[in-house]
Q: 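First the structure, then my questions, so here it is.
This chain uses plain numbering: 1 for the first residue, then up along the sequence.
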Amino acid sequence: MWYDGIFESLLALRDEERAPQMSAYMRNQFPFLGIPTGPRKAAYKKYLAIAKKEKIVDFDFVDQCFKRDEREFQYAGVDYLLAIQDCLGPEDLPKLKQYIQTKSWWDTVDGLDGVVGSIVQRFPECKSALLEWSVADDIWLRRVAIDHQLGFKSKMDTALLAEIIRNNLNQKEFFINKAIGWSLRDFSKTNPDWVRAFISAHKDGLSNLSIREGSKYV
């Protein structure tokens, strides 16, 4: 397969001394090969460039990445999806949902924010799916719903953002409240007045963490 070289390159970079440290950073939830970000991305840079140029959409590759034990393989799958995100459409949201809910933790989930956001930005009809995710039992789907518009700036759908956050008020879950704070902080760089007004109007339902993060630049 075209991606065999990716797996071989990553396995060749295994660092048995660094691996336990990287695993500990992720609360020992996943084993690691022990490859730092720079060398890891360099190992498959040429393969992703080819996939992007040839518009290869190969979910079998991503499936294989998520089936393997070491976390670097999941990172490779997410980086691949980011590279070919312009080739993805509404029909691919169920597959992305599967990856969000597989071996879930903030590192891979946050990486998939941009992939989902790219689809929603190009296909506005997908906004309804994100509203559904915003009230899901799975906190990671909620987190993606909250943060999928990160970096949208003036293209932010404020009505959608507001509704999704309102769906997640009065939460005790750290990863949800942190996501709310990030989304507000990011948009405050574009429209601080909107963020200031939103926080003021919903201060009773927002956690202290969300308010602190969201108010950083306002």
Side-chain angles (χ1 to χ4, degrees), residues 22-30 37 71 74-75 78-79 81-82 85 93 96-122 124 126-218:
M22 296 178 70
S23 182
Y25 180 71
M26 289 296 172
R27 301 183 184 179
N28 294 308
Q29 294 190 87
F30 316 102
T37 302
R71 198 59 167 168
Q74 282 97 70
Y75 294 159
V78 171
D79 285 340
L81 291 171
L82 285 166
Q85 60 184 300
L93 280 180
L96 295 175
K97 180 180 179 181
Q98 173 190 322
Y99 298 137
I100 292 167
Q101 295 183 294
T102 302
K103 299 182 179 180
S104 306
W105 197 241
W106 62 264
D107 51 349
T108 53
V109 169
D110 289 359
L112 292 167
D113 274 341
V115 184
V116 173
S118 171
I119 294 175
V120 175
Q121 195 169 50
R122 290 179 287 114
C126 294
K127 293 177 182 179
S128 59
L130 274 294
L131 282 172
E132 292 179 7
W133 290 10
S134 75
V135 294
D137 292 335
D138 190 322
I139 66 167
W140 302 110
L141 288 178
R142 287 180 179 243
R143 185 172 169 96
V144 171
I146 294 166
D147 280 347
H148 78 279
Q149 293 192 86
L150 287 176
F152 277 24
K153 299 181 179 180
S154 62
K155 295 181 180 179
M156 172 73 75
D157 183 334
T158 53
L160 179 63
L161 176 64
E163 186 171 356
I164 287 175
I165 294 179
R166 284 196 292 267
N167 286 343
N168 287 277
L169 295 176
N170 301 301
Q171 292 285 326
K172 295 182 179 180
E173 171 55 54
F174 170 83
F175 287 109
I176 291 178
N177 290 329
K178 187 75 169 181
I180 291 172
W182 278 349
S183 65
L184 292 173
R185 181 180 64 184
D186 181 68
F187 189 50
S188 72
K189 300 173 187 177
T190 300
N191 193 334
D193 291 338
W194 187 94
V195 173
R196 191 180 298 111
F198 184 88
I199 291 175
S200 177
H202 299 86
K203 59 182 182 295
D204 292 338
L206 291 167
S207 69
N208 290 333
L209 172 61
S210 298
I211 293 174
R212 184 171 65 252
E213 290 284 348
S215 302
K216 186 173 182 179
Y217 300 124
V218 298

Q: Would you call the rings of F175 and W140 parallel, tilted or perpendicular, where under 30° means parallel and over 60° means perpendicular?
A: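 Ring orientation, 0 to 90° scale: tilted.
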Q: How far apart are the C-alpha atoms of E173 and R142, what are their side-chain angles, what is the distance that settles it, and do they pass the side-chain contact (heavy atoms from CB on, under 4.5 Å) test?
A: CA-CA 11 Å; E173 171 55 54; R142 287 180 179 243; over 6 Å; no
Q: Can you tell me how far apart CG (D147) and CG (D186) are? Round to the nearest 0.5 Å.
A: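 Answer for the CG-CG pair, D147 versus D186, is 8.5 Å.
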Q: Rounded to the nearest 0.5 Å, what separates atom CZ in R143 from atom CG in L112?
A: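 R143 CZ to L112 CG: 12.0 Å, rounded to 0.5 Å.
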Q: To the nearest 0.5 Å, what is the distance between OG on S188 and CG on D193?
A: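 One finds 10.5 Å between OG of S188 and CG of D193.
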Q: Check whether the ring centres of F187 and W194 lie less than 6.0 Å apart, and answer yes or no.
A: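 Judged by ring-centre distance (under 6.0 Å), F187 and W194 do meet the cut-off.
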Q: Are R122 and S118 close enough, and set up right, to give a side-chain hydrogen bond (donor to acceptor under 3.5 Å, both in side chains), and what steps lead you there?
A: CA-CA 6 Å; R122 290 179 287 114; S118 171; 3.2 Å; yes
Q: Can a donor-acceptor pair be found between the side chains of R71 and S23 at a distance below 3.5 Å?
A: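 R71 vs S23: no donor-acceptor pair found between side chains.
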Q: Find the distance between CZ (R196) and CG (N191) and round it off to the nearest 0.5 Å.
A: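 If I round to the nearest 0.5 Å, the distance is 9.5 Å.
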Q: Return the minimal non-hydrogen interatomic distance between L82 and Q85, and the atom names on each side.
A: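 The pair with the smallest heavy-atom distance is O-NE2, 2.9 Å.
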Q: Which value, rounded to the nearest 0.5 Å, describes the distance between I119 atom CD1 and L130 atom CG?
A: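 Here the interatomic distance stands at 9.5 Å.
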Q: Look at the aromatic rings of F152 and H148 and report parallel, tilted or perpendicular, splitting at 30° and 60°.
A: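 Taking H148 first and then F152, their aromatic rings stand perpendicular (interplane angle over 60°).
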Q: Show the nearest heavy-atom pair for residues T190 and S154, with the distance to one decimal.
A: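 Answer, listing the atom of T190 first, then S154: CG2-N, 3.8 Å.
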Q: Taking atom NZ of K178 and atom OG of S210, what is their separation to the nearest 0.5 Å?
A: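 Nearest 0.5 Å value for the NZ-OG distance: 9.5 Å.
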